[in-house]
Amino acid sequence: MKASVPIGRGIESLFGTRDENIKVLETGLNVKTRLLNDSLEIEGSDPDVARAGNILSDYFSLIQEGHVFNNGDLNSYFRVVTGDVETNLRGLIQSGRQRNFGKKVLAPKTVNQRRYVDAIERSDLVFGIGPAGTGKTYLAVAMAVSALLNKRVSRIILTRPAVEAGERLGFLPGTLQEKVDPYLRPLYDALHDMLESEKVDKLLERSTIEVAPIAFMRGRTLNDSFIILDEAQNSTPEQMKMVLTRTGFNSKMVVNGDLTQVDLPPGKRSGLVDASEVLKGVEGISFVHFDDTDVVRHNLVMKIVRAYERHANVSGVNRQLSLKLTDGENGAKEAAGDNAAEPPPSVQ
């Protein structure tokens, strides 16, 4: 089947750099497109062509209505609408407009981001687990800012373990806050993206927003708060249990982490791994798992994540093969040793 969609303004952003946006649409729906003078021709099976036509019609209508797709947004939106038959482009954009995150108006850009945001609204404890660049921290901070501005909570608590990513930073000069600030910089960056700098400074000064390392949480009860534990893969099981039990009345907690980037010393078990096993199936707790298709940073980030996953899988197979070969060699040596140990038969 072939169909044509009239084109208008926005044709350049529709295709994207090196046609990356239109390729997502073609691959996701198994169709082919061809640009004509005044229309875009779509070829494929009837249902796929119809779906692609609806997505493109929504896109051009939104452009005419004045919607601006920021860099990388359309690529992410196309991945959502081609991956979820229940979602259309207009509905996805409009659901995003209903979410006001301070000075930002955001829409979830992937299916799992939508599940994540819905889970945060629905559950008091949410775990977001997945690779870098999937928006776990950014969306959690956005939801926290929204809850604060709408007076659903009275303060925001942002915390993370103070663990070096493989380096030894040694002695850091300055006050205690200045010593821990480098570990917490991603949280500050997200805050400043949601709110004006002057407002962030005032909220921090009044402790309405508190950014602190995980050790500062011990002994506290956090009522009427939105708590975010970031980089949770670098917490120990003891730290994880301690933080989770800080939750007080009318509070919500989001725990984020990437199990492929654990920076704990060898032999130390990750608290995020432990919590995933212990709390699985507990009512009122939601787990949202992200994967490489949810990466919303530079396209290279998705390719990097996939390359590392492939390498880890190959390395795991090779290691298992090596262990089997080693066991086989050891068995042969033991057998040879046993035979050598037997006395030679006596000659009569």
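Throughout, numbering of the chain's residues begins at 1 and tracks the sequence.
Taking all atoms of both residues into account, the shortest heavy-atom contact from Phe226 to Ala140 is CE2-O, 3.9 Å. Pairing each heavy atom of Val288 with each of Ala119, the nearest pair is CG2-CB, 4.0 Å. Of all heavy-atom pairs between Gly248 and Asn223, the closest is CA-OD1, 3.1 Å. In terms of heavy-atom proximity, Asp58 sits nearest to Leu89 at OD2-N, 3.8 Å. The two atoms that bring Ala232 and Ser270 nearest to each other are O-OG, 4.3 Å, heavy atoms only. Counting all heavy atoms, side chain and backbone alike, Val24 lies closest to Thr82 at O-CG2, 4.4 Å.
Taking 4.5 Å as the limit, some side-chain heavy atom of Phe290 sits within range of a side-chain heavy atom of Gln113. In this structure, the side chains of Leu25 and Asn21 stay at 4.5 Å or more apart for every pair of heavy atoms. The shortest side-chain heavy-atom distance between Asn75 and Tyr77 does not fall under the 4.5 Å cut-off. Contact check for Leu158 versus Asp230: no side-chain heavy atoms found under the 4.5 Å cut-off. Using a 4.5 Å heavy-atom cutoff, the side chains of Ile55 and Phe78 are in contact. You'll find the side chain of Ile120 stays beyond 4.5 Å of the side chain of Arg122, heavy atoms only. Contact check for Ile129 versus Leu272: side-chain heavy atoms found under the 4.5 Å cut-off. Side-chain contact between Ser276 and Phe287 is present, with heavy atoms from C-beta onward closer than 4.5 Å.
Annotation: ring-ring contact (aromatic ring centres under 6.0 Å, His included) contacts involving residues 27-58, sequence neighbours excluded, are absent. Listed by first and then second residue, the side-chain hydrogen bond (donor to acceptor under 3.5 Å, both in side chains) pairs that reach into residues 7-16 are Ser13-Tyr59, sequence neighbours excluded.
The distance from atom CD1 of Ile156 to atom CG of Leu149, rounded to the nearest 0.5 Å, is 7.5 Å. To the nearest 0.5 Å, atom CG of residue Leu14 and atom CD1 of residue Ile7 are 9.0 Å apart. Rounding to the nearest 0.5 Å places OG1 of Thr159 at 8.5 Å from CD of Glu210. Residue Leu204 holds its CG atom at 13.0 Å from NZ of Lys202, rounded to the nearest 0.5 Å. Residue Thr247 holds its OG1 atom at 11.0 Å from CD1 of Ile157, rounded to the nearest 0.5 Å. For the atom pair OG of Ser123 and CD of Glu283, the computed distance is 10.0 Å after rounding to the nearest 0.5 Å.
Between the side chains of Asp294 and Tyr116, no donor-acceptor pair is found at a separation under 3.5 Å. Residues Arg115 and Asn112 bring a donor and an acceptor atom of their side chains to less than 3.5 Å of each other. Using a 3.5 Å distance cut-off with no hydrogens or angles, the side chains of Thr208 and Arg155 do not pair a donor with an acceptor.
The environment of Glu277 atom CD is dense: over 12 non-hydrogen atoms of other residues, nucleotides or ligands sit within 6.0 angstrom.
Between Arg90 and Glu65 there is a salt bridge, since a side-chain N of the basic residue sits under 4.0 Å from a carboxylate O of the acidic one.
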Show every donor-acceptor pair shorter than 3.5 Å between a side-chain atom in residues 27-36 and any protein atom, with sequence neighbours excluded, or say none if there are none.
{"from": "Thr27", "atom 1": "OG1", "to": "Lys23", "atom 2": "O", "distance (Å)": "2.9"}
{"from": "Thr33", "atom 1": "OG1", "to": "Glu26", "atom 2": "OE2", "distance (Å)": "2.6"}
{"from": "Arg34", "atom 1": "NE", "to": "Glu41", "atom 2": "OE1", "distance (Å)": "3.4"}
{"from": "Arg34", "atom 1": "NH2", "to": "Glu41", "atom 2": "OE1", "distance (Å)": "3.3"}

Which donor-acceptor pairs under 3.5 Å do side chains of residues 236-246 form with protein atoms, sequence neighbours excluded?
{"from": "Thr236", "atom 1": "OG1", "to": "Glu238", "atom 2": "OE1", "distance (Å)": "3.3"}
{"from": "Thr236", "atom 1": "OG1", "to": "Gln239", "atom 2": "N", "distance (Å)": "3.2"}
{"from": "Gln239", "atom 1": "OE1", "to": "Thr236", "atom 2": "N", "distance (Å)": "3.0"}
{"from": "Thr245", "atom 1": "OG1", "to": "Lys241", "atom 2": "O", "distance (Å)": "2.8"}
{"from": "Thr245", "atom 1": "OG1", "to": "Met242", "atom 2": "O", "distance (Å)": "3.0"}
{"from": "Arg246", "atom 1": "NE", "to": "Met242", "atom 2": "O", "distance (Å)": "2.7"}
{"from": "Arg246", "atom 1": "NH1", "to": "Arg220", "atom 2": "O", "distance (Å)": "2.8"}

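Partners of Asp48 by side-chain hydrogen bond (donor to acceptor under 3.5 Å, both in side chains), not counting sequence neighbours, listed by chain and number: Ser45. Shown here are the side-chain hydrogen bond (donor to acceptor under 3.5 Å, both in side chains) partners of Ser251, two or more places apart in sequence or in another chain: there are none.
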message: Could you walk me through whether Val81 and Asn88 satisfy the side-chain contact (heavy atoms from CB on, under 4.5 Å) test, starting with their C-alpha distance in whole Å, then the side-chain angles of each, then the deciding distance to 0.1 Å, before giving a yes or no?
response: CA-CA 6 Å; Val81 295; Asn88 61 71; 5.6 Å; no
message: Quick one, Arg51 with Val49, criterion side-chain contact (heavy atoms from CB on, under 4.5 Å). Give me CA distance, side-chain angles, the key distance, then yes/no.
response: CA-CA 5 Å; Arg51 182 149 174 73; Val49 168; over 6 Å; no
- request: May I have the step-by-step check of side chain to side chain donor-acceptor pair (under 3.5 Å) for Ser235 and Arg160, ending in yes or no?
  value: CA-CA 8 Å; Ser235 66; Arg160 65 187 294 181; over 6 Å; no
- request: Walk me through it: do Leu56 and Ile42 pass the test side-chain contact (heavy atoms from CB on, under 4.5 Å)?
  value: CA-CA 10 Å; Leu56 292 169; Ile42 313 166; 3.7 Å; yes
query: Should Met217 and Leu222 be marked as a side-chain contact (heavy atoms from CB on, under 4.5 Å) after you check the CA-CA gap, both sets of side-chain angles, and the distance that decides it?
result: CA-CA 9 Å; Met217 297 297 106; Leu222 304 174; 4.2 Å; yes
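Proximity of a side-chain donor or acceptor of Asn150 to a complementary backbone N or O of Arg152 within less than 3.5 Å is not detected. Between the side chain of Thr134 and the backbone N or O of Gly130, no donor-acceptor pair lies under 3.5 Å. Gln233 places a side-chain N or O within 3.5 Å of a backbone atom of Asp258 that can act as its donor or acceptor partner. With hydrogens and angles ignored, the 3.5 Å screen pairs a side-chain donor or acceptor of Lys136 with a backbone N or O of Pro131.
Residues Val282 and Ile227 share a hydrophobic cluster, clusters being chains of Ile/Leu/Val/Met/Phe/Trp/Tyr side chains in contact below 4.5 Å.
Between Phe69 and His67, the ring planes are perpendicular. Angles over 60° get that label, and only those under 30° would be called parallel.
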